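All chains are named by letter (A, B, ...) in the order of the sequence lines, taking the proteins before the strands, and each is independently numbered beginning at 1. Please read all numbers here as calculations on a predicted model, not as lab measurements.
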Amino acid sequence: MIESFFDPRLFYAVKQTLILASVSTFFAGLIGLPFGIAAAFHPRSEQLRKILSLPFGVPGLIAAFAWIAILGKSGWLIQIFQRFGFEFDFLYSLKSVILALVFFNIPFVALLISLAISQIPQDQIDVARGLGAKPFRVLKDILWPSIRSAFAGSCAQVFCFCMTSFALVLILGGGPQVQSLETSIYRSLRFGEPQWDLAIAASFWQIILSLIPFFIFYLNRNAFAPASFSAPLRKIQKNSWNWILSLLTILLIAPYLLFMIQSVPTFFRIENFYEFIKNISGPLWLSIKLGFCAALLTLCINCFLLWLAYKKPRLKPLLELLAQAPSGISILVIGIGFWILFSRWIDPFEGSFFAMVILQSISFLPFSFRWLRWLEEKRSPLLFEAAQNLGASRTRAFFSADWPRWKTPVAFVFAMIFGASIGELAALSLFYSEKLMPFSVLISRLLSQYRFEEATAVSVLMLCLSLGSMAFIVTKFSRNPNL
Amino acid sequence: MRPLHAEAPSELVLYTYDSLLAKGGLGPALFEAFEKKFQCKIKALANGDGGQILTRLKSDLDRKKPTADIVLGIDQNLWPAFKKYAEDFAPQDLKNLHPIVLIESGFVPFDYGVFSFIADTKNLKFVPKNWNDLLNTQLKRKILLEDPRTSTPGLGFILGVQQIVGADKFNDFFKQFSKQWLTLTPSWSQAYGLFLKGEAPLVWSYTTSEAYHQAHGDSKNRYRALEFKDGHPIQIEGAILIKNSKRNETQTKLSKSFLEFLISKEAQALIPEKNWMMPARKNVPLPASFKNIPQPEKLFKSTFSEIEIKNLLKAWELSSQ
């Protein structure tokens with residue numbers, strides 16, 4: 001058992017994971033930071049933020065297919081290069097995984113930065129500029145203090161996202177030369193007799209690595225401490241470069257949209273379209289239910305933890321740790337643990353909707369908690385008390401004083417978890433059954449039954465469902481100009 | 001529990017892998033024929049792949065609630081892991097099977113496949129003729145392979161290298177060969193999907209894949225199975241009767257009848273065009289699409305223990321990194 005912790009294969013995976021996660025985080029942060037600042041000052045910043053939130057709904061599996069459709073040997077971009085006589089061999093390597101991860105995570109960093117800037121009072125910037133401060137000085141003294149906490153938090157989260165990335169590494173990595181701890185866990189549990197010793201050792205190293213960003217964050221806590229503002233609305237500035245930023249924002253979701261467009265002819269090649277629709281209606285409905293329940297449960301747990309932290313400030317560090325602990329643990333490991341526990345009472349092969357929802361909620365909790373924590377930190381007790389003094393009950397006071405500020409971020413988080421839940425595969429693959437088969441499992445099943453056309457069609461539908469639902473929720477609830 | 005009334009039709013429960021139950025595949029055709037002949041009901045439960053079936057059997061045992069009677073579709077490399085769950089049963093018709101498919105009592109072979117590379121002749125410039133040709137620089141990043149840690153054809157490849165290229169050259173072979181593959185996919189279907197998309201001109205599959213293309217309109221012989229003079233590894237698929245399953249006498253009889261039926265002329269005739277594998281039984285008429293596929297003379301049947309496979313995988317992983 002002990003020697004498994006020092007297995008050379010595992011050390012190789014640790015090294016690769018570290019390279020993958022740190023390089024991807026570096027570039028996602030490097031590009032995401034200016035992107036987010038620029039997006040915050042864009043006249044259509046609200047629309048840009050809506051677009052930036054969409055990639056969260058893209059399942060890793062589909063993102064990998066999208067990159068193959070573009071950069072694969074038969075991908076359209078490579079075909080164009082070849083027509084002009086350029087040989088371009090990029091996919092199935094460490095570079096391609098990093099590219100996909102950077103593309104996937106730039107929107108996340110940019111979105112958080114843009115949201116943080118939207119909290120800065122415009123008069124502070126105006127006063128600084130009026131006193132002759134150059135843009136760099138404004139950035140250094142006004143913007144940076146207010147966004148550094150969001151920047152550090154988003155980078156820490158991106159590091160964890162990259163470290164536990166599964167489908168992108170598995171499909172775009174190209175084999176044992178590129179593997180992460182997450183794929184090592186998968187391989188040690190998936191085939192033949194599960195190799196628990198290797199899986200446990202890989203999980204151990206994964207938890208250790210996931211603590212790195214938080215450790216750095218802790219060591220530099222003063223440098224990353226958030227500046228406090230009670231923010232009135234910001235004004236927006238217009239300049240001629242805005243259209244470039246709009247184009248770049250669209251570029252971030254272009255691979256997925258192009259995959260969708262490119263796959264449309266697949267629908268016409270399906271032999272019995274009526275039967276296909278009939279067969280996918282069950283998984284479609286299940287995926288919607290699953291996404292809804294997982295998002296709702298995650299929010300409920302999150303709100304409960306926030307309420308508890310508000311009521312018992314002494315417990316706050318413990319609750320924060322509790323909420324963020326799952327971010328460094330593979331969902332496969334949590335799932336297998338849950339599976340072992342669960343199988344003592346019920347046949348896990350019969351499938352369990354309940355287990356799927358719980359497992360997904362646990363894995364999405366850290367993300368949700370980081371996103372919503374600032375709401376509790378920046379709540380305005382004065383308004384709440386004023387509402388109570390006017391005779392409103394606690395619930396009524398909350399809905400009058402706090403809910404308008406909570407509504408949009410809560411809707412954002414709901415939409416993101418809903419989208420991510422639809423595309424999640426690891427947790428679902430442990431608890432599905434013939435009667436409980438969500439979309440992501442159905443795609444794997446169709447692929448394993450050589451029904452490639454139908455698998456592509458279901459992938460497109462899944463992408464439409466997750467992107468569509470996110471766009472709908474974000475548009476519907478994004479009325480607050482601050483978000 | 002299943003009904004035990006004499007008048008109720010008996011039910012046979014099977015664990016199998018996903019692709020065997022594919023629409024138009026072997027599973028549905030085989031079960032329909034058996035149900036008709038024996039007036040019973042077959043309940044087939046798909047469990048992903050062999051590894052998941054094993055986990056399920058273990059879980060059934062832990063919970064003391066055996067569910068299935070038969071496991072259909074394990075290969076000879078998974079057999080050592082399944083052995084402890086199998087009842088020692090040998091159908092009478094075993095003598096009519098090809099000798100190469102016979103493994104051990106308890107493992108009932110029903111088909112076999114000869115592993116080989118399938119070439120997209122339209123896009124392949126250099127055609128390998130033996131295993132060492134695979135290391136030719138002209139094939140750099142031109143090969144699609146399955147991951148041996150998650151796929152049986154992938155495992156078949158590395159066991160083939162061990163047997164054909166030689167145990168002493170195993171590490172050196174993979175040190176060089178790791179530069180040749182474009183990617184390793186988690187399963188055969190993903191590798192084949194990428195191959196058909198044109199991602200690479202060579203894919204590790206079965207000689208019968210050529211027959212599949214022939215039967216599906218490949219009149220120009222674009223997709224060809226390559227024959228290597230130094231030999232080909234084979235995969236043997238089999239079924240087992242699960243030990244200690246809570247069966248009554250009728251169900252036990254029915255389970256044994258199913259295994260007998262599996263290697264009967266009637267069931268074996270379904271194998272070629274329903275599972276795209278070679279029938280385990282001798283003298284089964286083959287469809288026209290199978291007539292021109294390569295029939296390699298040297299075939300290698302792997303019979304490695306669990307530990308040996310584990311060590312080989314470890315050696316492969318270290319030399320490929």
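With sequence neighbours excluded, no residue forms a side-chain hydrogen bond (donor to acceptor under 3.5 Å, both in side chains) with B/Gln180. Looking at residues two or more places apart in sequence or on another chain, you find a side chain to side chain contact (heavy atoms under 4.5 Å, CB included) between B/Lys43 and B/Glu11, B/Val13, B/Leu45.
With a 4.5 Å cut-off on non-hydrogen atoms, B/Ser320 touches chain A through its backbone and its side chain both. Heavy atoms closer than 4.5 Å to chain A are found in the side chain of B/Lys310, but not in its backbone. Neither the backbone nor the side chain of A/Gln79 comes within contact range of chain B; no heavy atoms are under 4.5 Å apart. When heavy atoms are compared at a cutoff of 4.5 Å, B/Leu145 does not approach chain A at all.
For chain A, the option among B/Asn77, B/Leu196, B/Leu182, B/Leu194 with the highest count of heavy-atom pairs below 4.5 Å is B/Leu182.
When the heavy atoms of residues 170-179 of chain A are compared with those of chain B, the residues falling under 4.5 Å are A/Leu170, A/Ile171, A/Gly174, A/Gly175, A/Pro176, A/Gln177, A/Gln179, listed by number. Applying a 4.5 Å heavy-atom cutoff, the residues of residues 66-73 of chain A that approach chain B are A/Ile68, A/Gly72, A/Lys73.
Summarising the local packing, CZ of A/Phe11 is surrounded by more than 12 heavy atoms from other residues, nucleotides or ligands at distances under 6.0 Å. Dense packing is recorded around CZ of B/Phe174, with more than 12 heavy atoms of other residues, nucleotides or ligands lying under 6.0 Å away.
Side chains of B/Glu199 and A/Tyr92: a donor on one and an acceptor on the other come within 3.5 Å.
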